[in-house]
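Only one structure is covered here, and it is reproduced in the block below.
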Amino acid sequence: MTDEIEVKDKAAWDAAEKVADYEHGWSSDIETDFAPKGLTEDTVRFISAKKNEPEWMLDWRLKAFRHWLTMETPDWAKLNIPPIDYQDAYYYAEPKAKPKLGSLDEVDPEILRIYEKLGIPIAEQEVLAGVEGARKVAVDAVFDSVSVATTFRAELERAGVIFRSISEAIKEYPDLVRKWLGKIVPMHDNYFATLNCAVFSDGTFVYIPEGVRCPMELSTYFRINAENTGQFERTLIVADKGSYVSYLEGCTAPMRDENQLHAAVVELVALDDAEIKYSTVQNWYPGDAEGKGGIYNFVTKRALCQGRNSKVSWTQVETGSAVTWKYPSCVLNGENSVGEFYSVAVTNNYQQADTGTKMIHNGKGSRSTIVSKGISAGHSNNTYRGLVRVAPNAEGVRNFTQCDSLLLGSLSGAHTVPYIEVRNPSAQIEHEATTSKISDDQMFYAMQRGLNAEEAVALIVNGFAKEVLQQLPMEFAVEAQKLLGISLEGSVG
Amino acid sequence: MLQINNLHATVGEKPILKGLTLSLGAGEIHAIMGPNGAGKSTLGYVLSGRPGYEVTEGSVTFNGQDLLALEPHERAAAGLFLGFQYPVEIPGVSNVQFLREALNAQRKHREEAPLSGAEFLKVAREQAGALGMDMDMLKRPVNVGFSGGEKKRNEMVQMGIIDPALAILDETDSGLDIDALRIVGDGINRIMRRPDKAVLLITHYQRLLDYVKPDFVHVLDGGRITRTGGAELALELERDGYKELAA
């Protein structure tokens, strides 16, 4: 019995104990500097000017915008989304009292208060007081669209790690940014990614130099706060040869009636022998029990395993958003490169999720593992959509895919759509899929031992998702276990 | 401790219990025997509150409380434990996690302080050791990959950890070899043979009663108790069968 399991047990129990509505549902009164409503070339210019961007960046944005105008919304996902009026939204908002990045003391207390309410360990001592010794987590906090605080910067700099908001990086490290921006997710990749290229507001840039193991886990908390503001984050992580980084992304948003659009792009590059571990816990507002409101989450995440023996591991726990459209993928170009995708997606009430991954095997001996756990409750629909592709020249490729679906109640839907395209006969591809319900036997057994119905569901669901949850870093595993319980509240009658 | 009075219950509209009356005092061990389909398992489920088992008439009080008014987890917290005939698998959830959450849920319900990880593990280790169960098994997912005998032994470990006032053991002896039967029998005596506790043993066979000597033996047939006697009644049944008795 290790301490780690102990802590998890405790956390699962704490989670089961918690009975509350969406607890991040409030908005704060920070004055916001908006871009004019609507989306035109002027909007794009406004954003670029607001951020004092170099000419090349503006040109890049405009090129994307002009192409976006010719594109159409994709409709292949199993999602039912009313048409989005892109002219009826703001594309840029920043907190007005923009602090200079010095120390945490200079940050708007209102912002710090919000983070405190969210339980985000922004203060260094809180971070240091984290579970499992004093593991450090550097937090680059994104409040609406602008980074307001960066901690541990000095220690990272000593290691040669660059951890910046992407707007800063564009100015400070233009060559590095230009080398990779839009190279993993091309500007024309898809409707939402192209939109992001035109109007991305801020995000994170990370560079880990050759041979460096990042001395702490890097963490960014995204938060959508202003009313009617789309959030267009852009993240770029470059792991140079032989380096390692673990990156944590957490998301929460306050409650709003109107649907809010979110279209992020995340690009990862791993060179020879480099490894990136990217973990997400997403609990944006899912809408109310009748399906009113909630975030539309259209995310493009892709990793390029460019080098030999490079490895990228995506782990996601998706419990929020009204609509989730998200396929964190790996392009495995490097020989013996490795891609992993571990996912838990929970939908309740009227949430819709269409999520999965793509593993594109171009490199010889490349391997991938996909473990997807979908949990559907209420009237929700939960789809796994995944592609495994093996290129003609890629000898000795292996893939293992496991897709498990768990249904609660009789009105929810679970769907599995695997695409497998193999053009090299040496490939070994395995696909396993199961669909099950929480059985009455399990429920009664747990209740006879003393758990109430919601505690029993939380326990059984956590067991179902364990393979994925144990991939998460400790801090996130605890939060994720809690979220699973909270997300499924009201799903048993 | 437990008073069952004129209990009638249906499963899917089919009447199974038809006027069962039974009383268990503290410090007593009662065995319930009877032919297949007599309603023995139904009695265990009705008492523990399993959904789908509907009480249509009668009453049950447990330490002065109206048992039938309580939810299943409230009955557990009140001290009622059901040893399952077919223990259920819960993939991905370790025995340790399951039992600690369950025990602390009960304690919370009773307004007792939760057990810390260390305190819980101490209890778990003692109980597992007493029943000859490896701690590694306690760390494995609940009943997943356990043999029939291991599952039953695990039920007894759970009972030891939860330490209930009343245990209803539904065919805990089935699927056990001779050695396991003795270990389980010793476990029941050790955990439950106390002045403030009571046991309702549901069984088909006399053999468990060689190890756990009942104070009373009841024959359940056609949904009601048809005969009550001492330990000797079980031997009589073993010799003559239920048919002989009914005749």
Side-chain angles (χ1 to χ4, degrees), chain A residues 1-19 131 344 371 373 375 402 404 406 434 436-471 477 481 484-485 492-493, chain B residues 44-45 47-53 71-84 86-94 96-110 114 116-118 120-121 124-125 135-136 138-139 141-144 155 158-159 161-162 164 168:
Chain A
M1 175 59 27
T2 66
D3 289 335
E4 182 167 308
I5 292 169
E6 278 307 290
V7 172
K8 285 185 184 175
D9 291 350
K10 166 93 171 57
W13 164 237
D14 288 344
E17 246 182 336
K18 223 169 199 173
V19 179
V131 205
V344 177
V371 178
K373 304 275 181 177
I375 299 148
Q402 186 184 329
D404 297 325
L406 188 67
T434 66
S436 53
K437 292 188 76 165
I438 291 185
S439 73
D440 294 344
D441 282 344
Q442 287 175 326
M443 283 298 289
F444 179 63
Y445 193 59
M447 290 177 75
Q448 206 299 306
R449 294 299 182 252
L451 300 173
N452 69 30
E454 287 192 340
E455 291 163 349
V457 167
L459 182 86
I460 294 164
V461 166
N462 268 296
F464 171 77
K466 188 181 186 180
E467 256 179 290
V468 174
L469 296 178
Q470 66 192 13
Q471 297 293 329
Q481 285 187 327
L484 290 190
V492 283
Chain B
Y45 284 144
L47 292 177
S48 52
R50 179 162 191 151
Y53 290 74
E71 294 285 310
H73 66 282
E74 294 168 336
R75 299 183 195 197
L80 185 151
F81 177 90
L82 175 66
F84 282 64
Y86 303 107
V88 180
E89 299 183 4
I90 308 181
V93 178
S94 75
V96 168
Q97 182 187 358
F98 177 61
L99 284 171
R100 180 157 169 233
E101 289 189 25
L103 181 60
N104 280 337
Q106 290 195 18
R107 292 178 68 89
K108 186 174 172 235
H109 204 87
R110 296 191 293 258
S116 72
F120 173 79
L121 278 178
R125 215 170 264 129
M135 265 314 272
D136 283 348
L138 270 190
K139 292 177 190 172
V142 180
N143 292 321
V144 177
E155 291 291 286
Q158 295 190 17
M159 183 172 78
I161 291 170
I162 287 172
I168 302 162

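Just so it is clear: chains get the letters A, B, ... in the order the sequence lines come, proteins before strands, and each one is counted from 1.
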TODO: Sort B/Arg75 into side chain, backbone, both or neither according to what part of it lies under 4.5 angstrom from a heavy atom of chain A.
DONE: neither

- [ ] Would you mind telling me which of A/Lys466, A/Arg449, A/Glu467 has the largest number of heavy-atom pairs within less than 4.5 Å of chain B?
- [x] A/Arg449

Task: Side chain, backbone, both or neither of A/Ala465 within contact of chain B (heavy atoms, under 4.5 Å) - done: neither

TODO: Examine the side chains of A/Asp441 and B/Tyr86 and answer whether a donor and an acceptor come within less than 3.5 Å of each other.
DONE: no

TODO: Counting only heavy atoms closer than 4.5 Å, note whether B/Leu138 contacts chain A via side chain, backbone, both or neither.
DONE: neither

Task: Check: A/Gln442 side chain, B/Val88 main-chain N or O, donor-acceptor pair, under 3.5 Å - done: no

Open item on the list: Within the 4.5 Å heavy-atom criterion, are B/Met135 and B/Leu121 side-chain neighbours or not?
Closed with: yes

Task: Region of B/Glu74 that comes under 4.5 Å of a non-hydrogen atom in chain A - done: neither

- [ ] Determine whether A/Lys373 and A/Leu406 make a side-chain contact, defined as any pair of heavy atoms from C-beta on separated by less than 4.5 Å.
- [x] no

Open item on the list: Is A/Tyr445 in contact with chain B via its backbone, its side chain, both, or neither, using a 4.5 Å heavy-atom distance?
Closed with: both

TODO: Name the option with the most non-hydrogen atom pairs under 4.5 Å to chain A; the candidates are B/Arg107, B/Arg50, B/Gln106.
DONE: B/Arg50

Open item on the list: Would the distance check show the side chain of A/Gln448 and the main-chain N or O of B/Leu80 forming a donor-acceptor pair, the cut-off being under 3.5 Å?
Closed with: yes

Task: Sub-4.5 Å side-chain heavy-atom contact between A/Phe464 and A/Val344 - done: no

Task: Interface residue of largest heavy-atom contact number with chain A, from B/Glu71, B/His109, B/Gln158, under 4.5 Å - done: B/Gln158

Open item on the list: Would you say the rings of B/Tyr53 and A/Phe444 are close, in the sense that their centroids are separated by under 6.0 Å?
Closed with: no

Task: Per-residue contact mode, B/Leu82 against chain A (heavy atom under 4.5 angstrom) - done: both

